[in-house]
Amino acid sequence: MEFTALFLAVAIVMVVAWRGPRPLALALFAAVLAASVATYLHHATDTLKLSF
């Protein structure tokens, strides 16, 4: 679900970058980038429960 939210947020940022003011687009991009990094770090630190 969080990946869908990130995808929609990026789509919104693209629309704002196309139609809206540049400072708003840059601020939204920075927020989405931070959310993407936070999501990556959340999933990258999960331990894998593997049994062979």
Side-chain angles (χ1 to χ4, degrees):
M1 183 66 189
E2 66 266 7
F3 295 107
T4 303
L6 284 173
F7 179 79
L8 290 175
V10 168
I12 290 169
V13 169
M14 287 192 298
V15 169
V16 170
W18 189 22
R19 297 282 185 175
R22 186 170 192 240
L24 178 61
L26 289 174
L28 289 175
F29 174 72
V32 170
L33 186 63
S36 298
V37 169
T39 302
Y40 168 73
L41 291 176
H42 172 71
H43 286 284
T45 57
D46 286 347
T47 58
L48 297 176
K49 297 180 176 113
L50 301 176
S51 61
F52 295 100

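These numbers were taken from a predicted model, which means no experiment stands behind them.
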* Determine, using the 4.5 Å side-chain heavy-atom cutoff (strictly less than), whether V13 and V15 are members of one ILVMFWY cluster. => no
The reported gap from OG in S36 to CZ in F3 (rounded to nearest 0.5 angstrom) is 9.5 Å
Notebook entry, point to check: Can you hop from I12 to V32 via hydrophobic side chains spaced under 4.5 Å?
Noted result: yes
A25 and A17 have their tightest heavy-atom pair at CB-CA, 3.6 Å
Same cluster (ILVMFWY, side-chain, under 4.5 Å), V37 and Y40 | yes
Shortest non-hydrogen pair, A35 vs L6, comes out as CB-CD2, 3.8 Å
Check: Should M14 and R19 count as side-chain neighbours, where that means a heavy-atom distance under 4.5 Å?
Finding: no
Distance col, row T4:OG1 vs L8:CG, nearest 0.5 angstrom, shows 7.0 Å
